[in-house]
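Shown next, in structure tokens, is the structure this report addresses.
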There are 2 protein chains.
Amino acid sequence: MPRPSRPLLSVDLIVDTALRAVDTAGDFTMPGIAAALKVRPSSLYNHVGGRGEIVELLRERAMSAVLVEPSAEVEWTSTVAAIARSYRDAYAAHPRLIPLLTAHTVRSHTAVAMYESLAHAFRRGGMTSQQALDAITTLDAFVLGSALDLAAPQEVWSIEATTDRDFAEVLAHANTPDRADRAFDAGLGVLIAGWSQLAAGS
Amino acid sequence: MPRPSRPLLSVDLIVDTALRAVDTAGDFTMPGIAAALKVRPSSLYNHVGGRGEIVELLRERAMSAVLVEPSAEVEWTSTVAAIARSYRDAYAAHPRLIPLLTAHTVRSHTAVAMYESLAHAFRRGGMTSQQALDAITTLDAFVLGSALDLAAPQEVWSIEATTDRDFAEVLAHANTPDRADRAFDAGLGVLIAGWSQLAAGS
DNA sequence: ACCTGAACACCGTTCAAGT
DNA sequence: ACCTGAACACCGTTCAAGT
């Protein structure tokens, strides 16, 4: 049955299906998407350029959840914190997607808007433009690294792995379900404290 | 010519070849390694369990370059900074390897030694064991995220991408060759300043 | 113990053929 | 415009056969 009166596929449908596969299985394949949509693999190429394009669409899909409010009213550190959390939550919603995205850099409209907003906040805090660039880069690395942590298996560290007393005591805190969330909040707090100090002292 | 008197292959040889392929092409394949070693793909399976095992061996190879000196003499912040730089440099030596490693977590001997050393340093600085865990997790995320930045293409940001004046000014600093290095040093400095404050205030 | 050769299931992608 | 079916080059892996 070639060419039905109403199209069976759409870009959104394909991306939906790919994202569902990534969330449940950690990866997606063209035949897999086709099967889920009851279609032949070659049909997909009428709507997307190929596997790489689907990955980019998945990246945009994830990034589109980032909220970038240009609230100039509040303290600049609050703006930075809010963006960082939203950015991180967008990734956290699809942890298994992240390893697929690490080959390329972010380039979406949302990403640009986010960086602009961060630039404003850091400049408002008194940073030089060089310092603001470094801060944005650091925040980006921290968020991406933290998100990758979410994709890691549950029990990251077993206490038996070490004979070191200090480290064993540290590890006692490591296997709680909110480990990654706690660590992210703590790390963000440290960064913002450091940036405040930097901005104030320059 | 089956079974030569002296083996043609070894685990080290296979890992060497895989790493060279990753460094030059960004990825490796079993047939590719086999061809480079003038051997049939199936021969590789006499020495390694499969592709996944080679990835793990590559991870160990990269991590083994991390220097973890247990210098209890110097300031704890110096210890942390030294480990972080060494950890990051180990990744930076093979930037294209990093995307291949992000699917799993670190689990090598060197990694454990490194985490132990960090645990000591943070505890020595006066952190609680919970704070030390959070600090280690943050450092890990920051280093991994920064390393991924190295794998990104050269011109990450073009100024034409934005109409925002603040962001454009910030981007003016973005396309220097040492961008990633500068940003890493700056970020590490901010983290250590924040941790010092945290440790002192508790 | 270690390499070969044939085989398998799977992948991404192309393209002529159909309506 | 959009789906099918056949085809291609490629991948990772297994395994009996050889020495």
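In the text below, chain A, chain B and the rest are named by the order of the sequence lines, each starting its count at 1. Every value quoted in this text rests on a predicted model; they were computed, and no experiment measured them.
In this structure, the CG atom of B:L8 is 11 Å from the C1' atom of C:dT4, given to the nearest Å. Going from atom CD1 of B:I14 over to atom P of C:dC2 covers 11 Å, rounded to whole Å. Between the CZ atom of B:R6 and the P atom of C:dA1 there is a distance of 18 Å, rounded to whole Å. Remark: C1' of C:dT14 and CZ of A:R51 are 18 Å apart, rounded to the nearest angstrom. In this entry the distance linking CD1 of A:I54 with C1' of C:dT13 reads 12 Å, nearest Å. Taking atom CG on A:N46 and atom P on D:dA1, their separation rounds to 10 Å, with Å as the unit. In this entry the distance linking CG of A:L44 with P of C:dC11 reads 12 Å, nearest Å. What separates CG of B:D27 from C1' of D:dC10 is a distance of 13 Å, to the nearest Å.
In the set C:dC3, D:dG12, D:dC3, the nucleotide with an atom closest to the side chain of B:P31 is D:dG12. Counting only heavy atoms from C-beta on, A:S42 has its side chain closest to D:dG5 among D:dG5, D:dC2, C:dC11. Closest to the side chain of B:R40, from the set C:dC3, C:dG5, D:dG5, is C:dG5. The side chain of B:M30 sits closest to D:dG12 out of C:dC3, D:dG12, D:dC2. Residue B:Y45 places its side chain closer to D:dT14 than to any other of D:dC3, D:dT14, C:dC2.
B:F167 does not carry A:R123 over the face of its six-membered ring by the limits of under 6.0 Å from the centre and within 45° of the normal. A cation-pi arrangement is present between B:R51 and B:F28, with the terminal nitrogen or guanidinium carbon under 6.0 Å from the aromatic centre and inside a 45° cone about the axis.
Of the possible donor and acceptor atoms, none in the side chain of A:S117 sits under 3.5 Å from a partner among the backbone N and O of A:M114.
OP1 and OP2 of C:dA1 both lie 4.0 Å or more from every side-chain N or O belonging to B:H47.
In a base pair of the Watson-Crick type (N1 to N3 plus N6-O4 or O6-N4) or a G-U wobble (N1-O2 and O6-N3), with each distance short of 3.5 Å, C:dA7 is matched with D:dT13. A 3.5 Å limit on both hydrogen-bonding distances identifies D:dA1 as the Watson-Crick or G-U partner of C:dT19.
Comparing A:S43 and A:F28, the nucleotide of DNA chain C nearest to each residue sits closer to the 5' end for A:F28.
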The test is side-chain hydrogen bond (donor to acceptor under 3.5 Å, both in side chains); show your working for B:Y115 and A:D164 and say whether it passes. CA-CA 10 Å; B:Y115 291 127; A:D164 184 286; over 6 Å; no

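Residue-level contact check: A:T29 touches the backbone only, with heavy atoms under 4.0 Å from sugar-phosphate atoms and none from bases.
No side-chain heavy atom of B:V170 sits under 4.5 Å from any side-chain heavy atom of A:F122.
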